[in-house]
Protein chains: 2
Amino acid sequence: MRPQYDRNALPKATDAIPCDTCPVREISVCSILPREQRKQIALKSHNRHAAKGDVLAVEGDRAAQIASVTSGVIKMTKTLSDGRQQIVGLAFPSDMVGRPFATDNTVRVEAATDTTLCSFDRAHFEQLLKEHPAFEGLLLRMKLDELDAAKEWMLLLGRKSAKERVASFLSMLADRQLAPDGTRLPRTSPITFELPLSRAEIADYLGLTLETVSRQVSKLRELGVIVIEDGRTVSVPDRQKLAALSGN
Amino acid sequence: MRPQYDRNALPKATDAIPCDTCPVREISVCSILPREQRKQIALKSHNRHAAKGDVLAVEGDRAAQIASVTSGVIKMTKTLSDGRQQIVGLAFPSDMVGRPFATDNTVRVEAATDTTLCSFDRAHFEQLLKEHPAFEGLLLRMKLDELDAAKEWMLLLGRKSAKERVASFLSMLADRQLAPDGTRLPRTSPITFELPLSRAEIADYLGLTLETVSRQVSKLRELGVIVIEDGRTVSVPDRQKLAALSGN
DNA sequence: CGAGTGCTTGAGGGAAGTCAAGATTGGTGG
DNA sequence: CCACCAATCTTGACTTCCCTCAAGCACTCG
């Protein structure tokens, strides 16, 4: 069965990178598995690269691949028939994308930035889950966390003001930044990072319009809560202050 | 450690009902397990009843129980510090409530109607998951479905108009109704059902105000898409027509 | 029968959306 | 290296949909 999207947009296979040098080896699904299991799992996976904008799957498409993000950011979107769009999830390094145990995708999967992935055929992946209950257990835990995050986002989409949404988004990004060695950073220190999304994409994530996002970013800048180094680079001198504007 | 909520509000233990007469035996988690495993699981569970309004857990509380809903509807809510509320999930018969593998609840759990539950201590439940990979696998599948539903809801909260939200909600309720024998109903036939939520609760679920919900329900009634038998009882003569107003 | 609760309807206001210029940025090729 | 073009972002003016506030209605229960 042919996929409906452009084959050229598919991520290209690259030379296999052993898990030992994987950028997220400390925090990915694989991290807590014993070396032996890890090796078996590595055999079934292959490293892929996706350029910004590459579409990995579309709504209604056959769900063929499951992957762990090793660098970059993947966005998952849903679209109404008249074109209104909503980003329903972002996958950062160590997160999984793809839908095990379903024949069809319910979301469009697209690279928000240049991305590297550790990818599995869905059938192989499901086989691994069956053979390694520890792996399945870990995936369950990850999905439970994802569900908690989704609920948090439902609160944002249902009840927060535009300013609170933008502040929450920036706060979330700050919290998800990784140190150069792939480990997580403390939750308090000042931080500078690249926005992985355009204003339009941020709007689609926050349930706003791009103009509203732009206005609210400007207001946060005027308040001194954030510093815009250039359009896409943001500094947060005091994360408490930003968090205070996030509602909650 | 004492729970922070009123002990009197806790569901009361009732006489054990064997799985063989469980109202959701055909569709619950347990349904596809072999009889032997089912028996072991039943040993660890107990039937409980919760009256409408009973609070089973609050945000920040220790996560102590996991339960399968056997009748009624449970709502899960999140609240901002200034009182704004959002319902982030409903659990219908055969759905699970509770958060395995986390010490604290991130949501408030409350009976939206009179409810019966098949309940487990969290520690026992986690033990069962460990001992029965098939059970764990099934829970994973359920949580993946729940995640899909959450994403669908994010689209609603982020992008749909008030009228589309109300139509989507009624459409979803119609789809989730069970026949008297506990099996699922066809997706097309005309249907009459009770709203499990008040106007205020519907508003909290849809990210609207209760006045807006009331107005939109009135408009759908004027359009002839729904018939209000009495304040809480709704008939949908043509479900296609209702679905057409849901956006998507 | 009156009080309480939940629901409906109306009038007015405000937060975010829409439409429309400009300003910046970044990529490309001369 | 710089100039140009397209894409992205910002800002402004106006509109709209939903929220807020308020009043009245329909049931239920003491």
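Proteins come first, then strands; the chains are lettered A, B, ... in the order of their sequence lines, and each starts at number 1.
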Discussion item. Between A:Ser246 (side chain only) and A:Ala243 (backbone N and O only), is there a donor and an acceptor less than 3.5 Å apart?
Written reply: yes
Worksheet item: Are the charged groups of B:Arg108 and B:Glu110 less than 4.0 angstrom apart, N to O?
Response: yes
Worksheet item: Using 4.0 Å as the upper bound for N to carboxylate O, is an ion pair formed by B:Glu146 and B:Lys151?
Response: no
Response to the item:
To the nearest 0.5 Å, atom CZ of A:Arg99 lies from atom CG of B:Leu144 at 4.5 Å
Worksheet, complete the sentence: Separation between CG (B:Leu90) and CH2 (B:Trp153), nearest 0.5 Å, reads 7.5 Å
Fill in: For DNA chain C, the residues among residues 150-158 of chain B that have a non-hydrogen atom under 4.0 Å from it
none
Discussion item. Evaluate B:Ser71 against B:Thr116 for side chain to side chain donor-acceptor pair (under 3.5 Å), listing each step before the verdict.
Written reply: CA-CA 5 Å; B:Ser71 74; B:Thr116 55; 2.6 Å; yes
Worksheet item: Heavy-atom distance under 4.5 Å between the side chains of A:Leu117 and A:Leu56, does that happen here?
Response: yes
Worksheet item: Hey, is CZ on A:Arg187 packed in by over 12 heavy atoms from elsewhere, all under 6.0 Å?
Response: no
Worksheet item: From the 5' end of DNA chain D to its 3' end, which nucleotides mark the outer limits of contact with chain B, defined by a 4.0 Å heavy-atom distance cut-off (strictly under)?
Response: D:dC18 to D:dC21
Practice prompt. Given salt bridge (charged side-chain N to carboxylate O under 4.0 Å, His left out), test A:Asp204 with A:Lys75 step by step and report yes or no.
Written response: CA-CA 11 Å; A:Asp204 282 346; A:Lys75 61 174 178 171; over 6 Å; no
Discussion item. Considering only residues two or more places apart or on different chains, which pairs with a residue in residues 76-98 of chain B satisfy salt bridge (charged side-chain N to carboxylate O under 4.0 Å, His left out)?
Written reply: A:Glu152-B:Lys78, A:Glu164-B:Arg84, B:Asp82-B:Arg84, B:Asp95-B:Arg176
Practice prompt. Give every residue pair that meets the salt bridge (charged side-chain N to carboxylate O under 4.0 Å, His left out) criterion with at least one member in residues 210-231 of chain A, sequence neighbours excluded.
Written response: none
Worksheet item: What string of B, S and - do you get for nucleotides 6-24 of chain C, 5' to 3', when a contact is any protein heavy atom under 4.0 Å?
Response: -SBBBB----SSBB-----
Discussion item. If only side-chain N and O atoms count, and only distance matters, is there a donor-acceptor pair under 3.5 Å linking A:Thr209 with A:Thr212?
Written reply: yes
Practice prompt. Give the angle between the helix axes at the two ends of the helix from C:dC1-D:dG30 to C:dG30-D:dC1, taking five base pairs at each end and rounding to 10°.
Written response: 40°
